[in-house]
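Quick notes on the structure that follows.
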Number of protein chains: 2
Amino acid sequence: MEPFPRSGYAGGQIMRKPTIQDVARQAGVGVGTVSRVLNNHVAVKGATRETVLKAIADLDYTPNPHARRIAGGKSYTISVLLPVLTTEFYVRLLDGLETAFQEARYDVAIFPLLDRSRLERYLGSHTLAYQADGLVMATYNLTKMFHERRLRTQQPTVLVDAYADSVDSSFMDNVAGGRMAGEYAVTLPGALYAVWVETELDQLFTTRVFEDRRNGFLGALQAAGRAVAAEYTSSFDSLTARNTACTVLDQAQAAGLPCTVFASADMLAGALLDEVRLRGLQIGTDVRVIGFDDQPWAESRGLTTLHQPVESMGYEAAQLLLTRLNGYKGPARARRFEPRLVVRGSA
Amino acid sequence: MEPFPRSGYAGGQIMRKPTIQDVARQAGVGVGTVSRVLNNHVAVKGATRETVLKAIADLDYTPNPHARRIAGGKSYTISVLLPVLTTEFYVRLLDGLETAFQEARYDVAIFPLLDRSRLERYLGSHTLAYQADGLVMATYNLTKMFHERRLRTQQPTVLVDAYADSVDSSFMDNVAGGRMAGEYAVTLPGALYAVWVETELDQLFTTRVFEDRRNGFLGALQAAGRAVAAEYTSSFDSLTARNTACTVLDQAQAAGLPCTVFASADMLAGALLDEVRLRGLQIGTDVRVIGFDDQPWAESRGLTTLHQPVESMGYEAAQLLLTRLNGYKGPARARRFEPRLVVRGSA
DNA sequence: TTGTACGCGTTATCAA
DNA sequence: TTGATAACGCGTACAA
């Protein structure tokens with residue numbers, strides 16, 4: 001261990017993190033006053049506030065979040081619980097969340113939900129995740145867990161990309177997205193096919209995203225007096241996607257082109273584009289493809305798809321949580337975001 | 001606010017998180033003894049330990065990490081700083097890390113490095129990331145930042161999937177991986193091509209992974225008196241990968257088949273397989289492809305590739321950090337993992 | 001408007 | 001081997 005001087009400086013360098021005591025001493029005030037400045041209390045004279053702020057800047061002081069938490073206050077920390085982050089979607093979501101929280105001077109820590117046991121571990125105990133001032137939970141449909149009180153969220157919680165009636169939520173209207181796809185699809189010539197993403201088996205840990213898209217799509221078709229020629233289900237990996245694409249096109253070719261395929265995720269749509277090209281068919285005439293997500297590559301591949309305001313959704317989720325942290329006690333609020341159909345060459 | 005009873009129970013339910021005081025009272029011992037049990041101190045009589053553990057279980061007590069941090073300097077929290085997690089690689093890496101840390105009863109929080117400014121934000125201040133007991137930093141080559149003292153890691157740090165001489169590290173020997181690919185490639189008929197992944201422009205924030213693979217590969221070719229017919233660079237997105245695949249095959253077909261292509265990431269290899277198939281060529285005879293990563297889909301697509309023991313690498317990184325946290329003060333250690341060539345149909 | 005003193009839940013020290 | 005008690009850094013009554 002290196003020497004650990006209890007006081008101030010050594011060779012111009014602070015050897016130990018300055019505390020509120022150091023700031024108080026430096027500014028010639030009491031610790032209470034420094035604390036009041038830190039927490040934007042009204043009862044501080046302007047001149048005093050300036051002195052304290054200067055001392056804080058001089059010492060490069062930052063409050064210790066753990067001590068804040070212990071003292072009964074807040075730790076200025078938010079936990080974000082996300083499914084495994086292998087898509088662009090979560091990167092954008094995080095961007096929106098972090099932007100909003102940073103503006104409010106909150107730190108955010110991410111806890112990846114690699115599997116279900118982790119949810120319970122994160123929430124069931126002493127973990128940091130649970131000790132945060134607020135919780136953001138993404139994508140999973142936790143309604144049942146709330147109802148069954150298996151999720152006892154002592155601290156303010158907001159759902160993003162998911163909905164439950166008992167907590168604040170900020171989400172995409174996937175039903176509307178599916179409907180938009182459907183309403184556009186029925187204007188195109190030929191038979192209609194759809195590819196869905198398989199949701200997890202575990203009921204409590206599942207997402208309704210793709211179910212909603214399906215309901216919206218089928219609803220729009222029904223309203224137009226149409227129906228799908230066939231539906232398929234794929235899981236969210238590239239190999240299965242490619243196999244599914246083959247199956248879809250086999251059947252579509254057998255039944256006769258042209259046709260339109262609604263792929264409920266761009267990744268599936270991409271596999272379809274590949275397979276169409278592979279078979280020497282014309283995208284946009286023989287086979288039309290509508291995706292969902294508007295991934296970064298969608299534009300350059302000319303994919304017609306539903307664009308989601310993901311960053312805004314994250315930003316708004318953060319705002320909902322921040323109002324709770326600032327004392328809002330009203331009923332659960334739901335912020336619904338609508339996707340936008342982006343028509344490109346593929347349909 | 002609901003009533004907030006200071007003591008024990010209400011209707012069989014604990015209204016407030018039990019503290020070490022509650023446990024001590026319940027077990028009929030002092031708080032010091034409880035603390036000793038919690039921290040596995042030797043000087044606790046077996047019978048006393050049992051009593052305390054029972055009280056802990058009865059009350060469903062878990063220590064408050066913030067209080068621990070304040071009192072003892074340890075919070076039992078590890079920060080993991082990762083590049084954006086859009087690949088399977090980081091999921092597996094996290095799995096290895098979390099497994100090891102959980103065994104040692106540490107919590108881990110993830111801080112995604114969406115961009116460079118976040119690195120400085122995470123480390124420069126009061127943030128949770130910085131307040132953790134230890135730091136795991138993945139992939140990026142931060143050597144220069146350490147040398148320039150732009151990264152002042154007060155707490156133990158370990159690099160994973162990266163190397164710097166001043167800190168502990170656990171990493172893949174990508175040079176060896178490249179060499180293995182090269183040594184195998186030279187046994188195959190036809191011209192040799194290689195596709196690399198573009199590294200970021202920012203010097204301080206770059207990774208050496210692909211540079212290493214290249215050096216290994218070219219070294220093996222040189223040792224065999226061979227050379228690549230051409231090299232290509234692609235960025236890590238599917239669109240560029242597909243374009244690059246086209247370019248490679250255009251040139252390879254013009255120069256004459258068969259040929260072998262070393263793609264320094266499975267994602268690039270996958271694009272090549274697609275394009276080969278698209279052109280009606282035979283994979284494994286006309287065009288042989290060697291990948292790198294052994295992604296989950298590699299087996300079913302028959303991709304010859306380099307398998308990386310990613311989980312082990314993460315697990316070992318965690319172990320290195322844990323020894324530091326337990327007081328190890330020795331010089332920086334480097335744990336090198338070797339990839340393994342998995343020969344399948346593609347080459 | 002400001003300073004003092006207490007409490008938060010834990011670890012560490014010291015005496016028993 | 002154990003129990004009391006002093007820190008740890010901060011928020012906040014309460015007194016001034």
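Order of the sequence lines fixes the chain letters, A, B, ..., with proteins taken first and strands second; residue numbering starts at 1 for each chain. Basis for what follows: all heavy atoms, side chains included, without hydrogens, waters or symmetry-related copies.
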Provide, to the nearest angstrom, the distance between the [atom1] atom belonging to [X] and the [atom2] atom belonging to [N].
| X | N | atom1 | atom2 | result |
| --- | --- | --- | --- | --- |
| A:I56 | D:dG9 | CD1 | P | 16 Å |
| B:H66 | C:dG7 | NE2 | C1' | 17 Å |
| B:R49 | D:dG3 | CZ | P | 14 Å |
| B:K17 | C:dT10 | NZ | C1' | 12 Å |
| B:R69 | C:dA12 | CZ | C1' | 16 Å |

Subject >> Which atom of B:H66 lies closest to which atom of A:I70, heavy atoms considered >> reply: C-CG1, 3.8 Å
**OP:** Would you mind classifying the nucleic acid contact of A:G28 as base, sugar-phosphate or nothing, using non-hydrogen atoms under 4.0 angstrom?
**Re:** sugar-phosphate
**OP:** Would you check if the side chain of A:R324 reaches a backbone N or O of A:G330 as a donor-acceptor pair within less than 3.5 Å?
**Re:** yes
Subject >> Check: B:V158 and B:V167 side chains under 4.5 Å, non-hydrogen atoms >> reply: no
Subject >> Close side-chain approach of B:V91 to B:L94, heavy-atom, < 4.5 Å >> reply: no
Original post:
When you check the gap from the basic side-chain N to the acidic O, do B:D22 and B:R25 get nearer than 4.0 Å?
Top reply: yes
Original post:
Hey, is B:R333 close enough to B:D168 for a salt bridge, meaning N to O under 4.0 Å?
Top reply: yes
Could you list, one pair per line, each protein nitrogen or oxygen that sits under 3.5 Å from a nitrogen or oxygen of nucleotides 10-13 of chain D, together with the distance?
| residue | atom | partner | partner atom | Å |
| --- | --- | --- | --- | --- |
| D:dC10 | OP1 | A:Y61 | OH | 2.7 |
| D:dC10 | OP1 | A:N64 | N | 3.0 |
| D:dC10 | OP2 | A:I20 | N | 2.5 |
| D:dG11 | OP1 | A:N39 | ND2 | 3.4 |
| D:dG11 | OP1 | A:R68 | NE | 2.8 |
| D:dG11 | OP1 | A:R68 | NH2 | 3.4 |
| D:dG11 | OP2 | A:S35 | OG | 3.1 |

Subject >> B:Y90 versus B:T139, side-chain donor and acceptor atoms under 3.5 Å >> reply: yes
Subject >> Angle of first-five versus last-five pair axes in the helix from C:dT1-D:dA16 to C:dA16-D:dT1, to 10 degrees >> reply: 40°
Subject >> Aromatic B:Y76 / basic B:R68 pairing, under 6.0 angstrom, 45° off normal >> reply: yes
